[in-house]
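What follows is a set of notes on a single structure, which appears directly below.
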Amino acid sequence: MNHPSDLYKILAICFRRPDEPLFEIFRKTDSFRDILKGTSLEGLLSEHTRLFSLSVAGGIPPYETEYGHKDIFFKTQRMADIAGFCHAFGVETTDTPPERIDFIGSELELMYWITLKEQRAMDAGKTEQAEICRDAAAKFLQDHLGRWGSYFGDQIAKSAHLPFYKQVGQSLFELIESECERLNVQPERVTGWNPEPLSATEFECGSETGCKGELS
């Protein structure tokens, strides 16, 4: 069974805009090889744009703050809170072009690092450090990823035309539900997104509230 950190890392990569190197990685991955048969890079790119673009009708926003309150101060506060987690764990995203800090891939990347640090601390017998990481993971799920990740994943699984993104959406839904159970958290769940999303560049990683991380 994969450790949660492995699953967070894989899914964080899956939500990146695909290019040729990334497409080749997907095609060589056991869990994706079969479902990508007959799918071209152009087809995957088209599906990615259709599903996640804020400018395409019917797109599903891949940003946390598009779910829930529409007030700009609420969004700014949540962005700052996410940035605090990034700073605390030394995480910076490496998305090119820069992505908003509340991007699904960025939040999954953050959880990858937190859960990885937890596992490493446990392996080293550093119980107190492991508990700190576990508490941080639980709080981030409670306040952020857990409140919208399952809904987002379910919407992707239902809306995707290609098997690849159907599986990615379903896997995200299952991971978030499993992690909420593992960490004993019950987030306040969202049931929809705001009709007028912020622009993709209004809040970017790399700004004062941004986070930056290396995921390879």
Side-chain angles (χ1 to χ4, degrees), residues 1-17 31 47-48 51-54 59-70 74-75 77-86 88-89 91 93 95 99-118 133-160 164-194 197-198 200 203 205 211 213 215:
M1 180 178 179
N2 288 335
H3 185 267
S5 63
D6 296 329
L7 299 175
Y8 281 120
K9 179 177 182 178
I10 291 169
L11 287 173
I13 294 172
C14 287
F15 284 106
R16 290 179 179 174
R17 182 171 177 80
S31 56
E47 178 82 325
H48 186 280
L51 286 172
F52 306 124
S53 175
L54 296 180
I60 304 169
Y63 305 103
E64 178 192 340
T65 57
E66 301 307 336
Y67 298 79
H69 298 278
K70 188 179 175 182
F74 169 83
K75 294 186 176 187
Q77 183 180 46
R78 298 197 73 83
M79 293 283 191
D81 192 49
I82 297 170
F85 277 94
C86 292
F89 286 89
V91 177
T93 60
D95 293 310
E99 264 293 0
R100 278 169 47 175
I101 196 172
D102 62 334
F103 175 57
I104 183 64
S106 300
E107 294 198 2
L108 288 167
E109 185 175 344
L110 174 59
M111 284 295 290
Y112 159 63
W113 284 109
I114 295 176
T115 53
L116 180 64
K117 288 175 181 290
E118 176 194 355
C133 294
R134 185 183 180 89
D135 289 345
K139 182 167 177 55
F140 192 76
L141 272 180
Q142 177 73 40
D143 296 345
H144 295 284
L145 187 57
R147 62 181 286 274
W148 75 291
S150 294
Y151 176 81
F152 175 74
D154 184 57
Q155 293 299 303
I156 295 302
K158 291 176 179 177
S159 302
F164 177 82
Y165 284 114
K166 284 185 179 292
Q167 180 171 318
V168 168
Q170 182 62 31
S171 296
L172 176 61
F173 175 86
E174 292 173 357
L175 174 61
I176 299 303
E177 293 302 299
S178 174
E179 283 290 88
C180 285
E181 182 176 351
R182 179 178 76 91
L183 297 170
N184 193 29
V185 298
Q186 297 180 334
E188 181 180 351
R189 308 290 187 140
V190 302
T191 58
W193 58 84
N194 301 325
L198 294 172
F203 290 103
C205 292
C211 70
L215 192 60

Looking at side-chain heavy atoms only, is the closest gap between [X] and [Y] below 4.5 Å?
X    : Y    : result
I156 : F52  : yes
E179 : T115 : yes
I101 : S106 : no
W148 : E66  : no
I104 : L145 : yes

Enclosure of Q77 CD (heavy-atom neighbours >12, cutoff 6.0 Å):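 12 or below, so no.
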Supply the atom-to-atom distance [X] [atom1] to [Y] [atom2], rounded to the nearest 0.5 angstrom.
X    : Y    : atom1 : atom2 : result
L175 : L11  : CG    : CG    : 6.0 Å
S159 : D154 : OG    : CG    : 9.0 Å
I176 : L108 : CD1   : CG    : 6.0 Å
L172 : C14  : CG    : SG    : 10.0 Å
I82  : F103 : CD1   : CZ    : 12.5 Å
F140 : I114 : CZ    : CD1   : 6.5 Å

Strictly below 4.0 Å, N to O, side chains only: are [X] and [Y] in salt-bridge contact?
X    : Y    : answer
R147 : E64  : yes
E177 : R189 : yes
E118 : R134 : yes
K139 : D135 : no
R16  : E99  : no

Parallel, tilted or perpendicular: rings of Y151 and Y67 (30°, 60°):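 Because their plane-to-plane angle is over 60°, the rings of Y67 and Y151 count as perpendicular.
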Knowing that exactly one of E174, Q167, K166 qualifies, which makes a side-chain hydrogen bond (donor to acceptor under 3.5 Å, both in side chains) with Q170?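 Result: among E174, Q167, K166, E174 is the only option passing the side-chain hydrogen bond (donor to acceptor under 3.5 Å, both in side chains) with Q170.
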Under 3.5 Å: donor-acceptor pair, side chain of Q142, backbone of Q186: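 Yes; judged by distance alone, with no hydrogens or angles, the pair exists.
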Looking only at heavy atoms, which two atoms of K75 and T65 are closest? And how far apart?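 Distance-wise, the nearest heavy atoms are CE-O, 2.9 Å.
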Which atoms form the tightest heavy-atom contact between G146 and C180, and what is the distance?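 Reported closest heavy-atom pair: CA-SG, 4.4 Å.
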What do you reckon, are the aromatic ring centroids of F152 and F15 less than 6.0 Å apart? yes
State yes or no: are the ring centers of Y112 and F89 separated by less than 6.0 Å?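 Distance test on ring centres: not under 6.0 Å, no.
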Under the side chain to side chain donor-acceptor pair (under 3.5 Å) test, which residues partner S171, sequence neighbours left out?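 Testing S171 for side chain to side chain donor-acceptor pair (under 3.5 Å), a comparison that skips the adjacent residues, returns none.
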Determine, stepwise, if the pair H144 / E107 fulfils side-chain hydrogen bond (donor to acceptor under 3.5 Å, both in side chains). CA-CA 8 Å; H144 295 284; E107 294 198 2; 4.9 Å; no
